[in-house]
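These notes concern the structure reproduced below.
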Amino acid sequence: GAVDKRLAWRFDPIDCTWRELPSMLGGRAEHSMASVGGRIFALGGKSTANDNGCVMECLDVRGGAGSWQTIGPQDGADVAMQGGTGSGNFAYKVGGYNYDTESDLAEVHRMNASTGAWEVVAPMNHPRRCLSVCGRSDGDFYALGGLINRDQLPSDSDDSPDDDSGPPAWWKYLKVVERYLAGENRWITLAPMRADGKFIGASVVDGCLWAVTRVER
């Protein structure tokens, strides 16, 4: 969670305790995580040595591996602040920010957890970074909130200026919620959230989509 930090922890919801895991091989920040088949993947991010393109690493939690392993090649590596999730047999990297081009991304990459092969799938309808992504048991997943550069807003956007408590004028927080239909390889836009997706967390629990976000008062 901080540039060049390599620490990893696991929370046990039954006894409400944290356990320190083996440290990652390389430090990173602004990355995403995905869990598929008992393995944890650290995707993308930035470090002191490289703003974009940190090497993907994997920890086999269920198999009892005692250390992280590098996984490659990684498709679409030059990205930070993207969303990540595991859904079905795939790990997904969603959206993000490219420091080289200074642009928010709509692109989506997925990795087959069995073969390690990456492919590009349908992009989101709305480019963004700092979004939250959460999977469903049927292989679909949701993308919620995030940030977008104002110069990338569509011409028909209902965007309005933020007040003094909002973000700087050159970007905007979004209420957008999209669902990826894995069986059809396409995105659909759902009803927007009632508050901007600022520092948002999301999860699917008992068939319902939950979103927790920071609201300025």
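None of these values were measured; they are calculated from a predicted model. Numbers here simply count residues along the sequence, with the first being 1.
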Check: [Y] main-chain N/O paired with [X] side-chain donor or acceptor under 3.5 Å:
X	Y	answer
R186	A122	no
D104	N149	yes
E178	N125	yes
R39	D60	no

Would a single hydrophobic cluster contain both [Y] and [X], if residues Ile, Leu, Val, Met, Phe, Trp and Tyr are joined by side-chain heavy-atom contacts under 4.5 Å?
X	Y	answer
V61	M33	yes
V108	V133	yes
V36	Y180	no
V204	V177	yes

Answer whether the closest heavy-atom distance between the side chains of [X] and [Y] falls below 4.5 Å.
X	Y	answer
E107	V120	no
I40	L21	no
S32	V94	no
C134	L144	yes
M193	T213	no
I200	L131	no
L7	S23	yes
Y99	M81	yes

TODO: May I ask you to check if R129 and W171 form a cation-pi contact, with NZ or CZ under 6.0 angstrom from the six-membered ring centre and within 45° of the axis?
DONE: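 Judged by the rule, R129 and W171 form a cation-pi pair.
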TODO: Could you point out which residue of R28, R6, H31, Q69 forms a side-chain hydrogen bond (donor to acceptor under 3.5 Å, both in side chains) with E57?
DONE: R28
For the [atom1] atom of [X] and the [atom2] atom of [Y], what is their distance to the nearest 0.5 Å?
X	Y	atom1	atom2	result
K172	R150	NZ	CZ	5.5 Å
W210	S132	CH2	OG	15.0 Å
S47	K5	OG	NZ	14.0 Å
E184	D140	CD	CG	8.5 Å
W68	C58	CH2	SG	7.5 Å

List the atom of [X], the atom of [Y], and the distance in Å for their closest heavy-atom pair.
X	Y	value
S114	N89	OG-ND2, 3.0 Å
M124	L105	CE-O, 3.9 Å
L43	Q82	O-NE2, 3.4 Å
L147	C130	CD1-SG, 4.2 Å
M24	A42	SD-CB, 3.8 Å

Open item on the list: Is there a side chain to side chain contact (heavy atoms under 4.5 Å, CB included) between E119 and R110? Walk through the geometry before answering.
Closed with: CA-CA 6 Å; E119 63 178 331; R110 75 176 178 187; 2.7 Å; yes
TODO: For the pair W187 and F141, name the ring-plane relationship: parallel under 30°, tilted 30 to 60°, perpendicular over 60°.
DONE: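 Because their plane-to-plane angle is over 60°, the rings of W187 and F141 count as perpendicular.
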Open item on the list: Once ring pair (Phe, Tyr, Trp, His ring centres under 6.0 Å) is applied, do any residues pair with W9, and if so which ones, sequence neighbours excluded?
Closed with: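 Not a single residue meets the ring pair (Phe, Tyr, Trp, His ring centres under 6.0 Å) criterion with W9.
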Open item on the list: Suppose we screen for side-chain hydrogen bond (donor to acceptor under 3.5 Å, both in side chains). Which residues come up paired with T115, at least two apart in sequence or across chains?
Closed with: none
Task: Evaluation steps, side chain to side chain contact (heavy atoms under 4.5 Å, CB included), between R128 and V176 - done: CA-CA 10 Å; R128 44 197 156 136; V176 173; 3.8 Å; yes
TODO: Run the salt-bridge test on R179 and D138 with the 4.0 Å N-O cut-off and return the result as yes or no.
DONE: yes
Open item on the list: Taking side chain to side chain contact (heavy atoms under 4.5 Å, CB included) as the definition, give me every residue that meets it alongside D15, ordered by chain and number, with sequence neighbours left out.
Closed with: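 Per chain and number, D15 pairs via side chain to side chain contact (heavy atoms under 4.5 Å, CB included) with D12, T17.
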Open item on the list: Using side chain to side chain contact (heavy atoms under 4.5 Å, CB included), reason through Y97 and E102 one step at a time and then give a plain yes or no.
Closed with: CA-CA 7 Å; Y97 185 77; E102 297 184 345; 3.4 Å; yes
Task: Centroid separation F90 to W118 less than 6.0 Å - done: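 No, the ring of F90 stays outside the 6.0 Å limit from the ring of W118, centre to centre.
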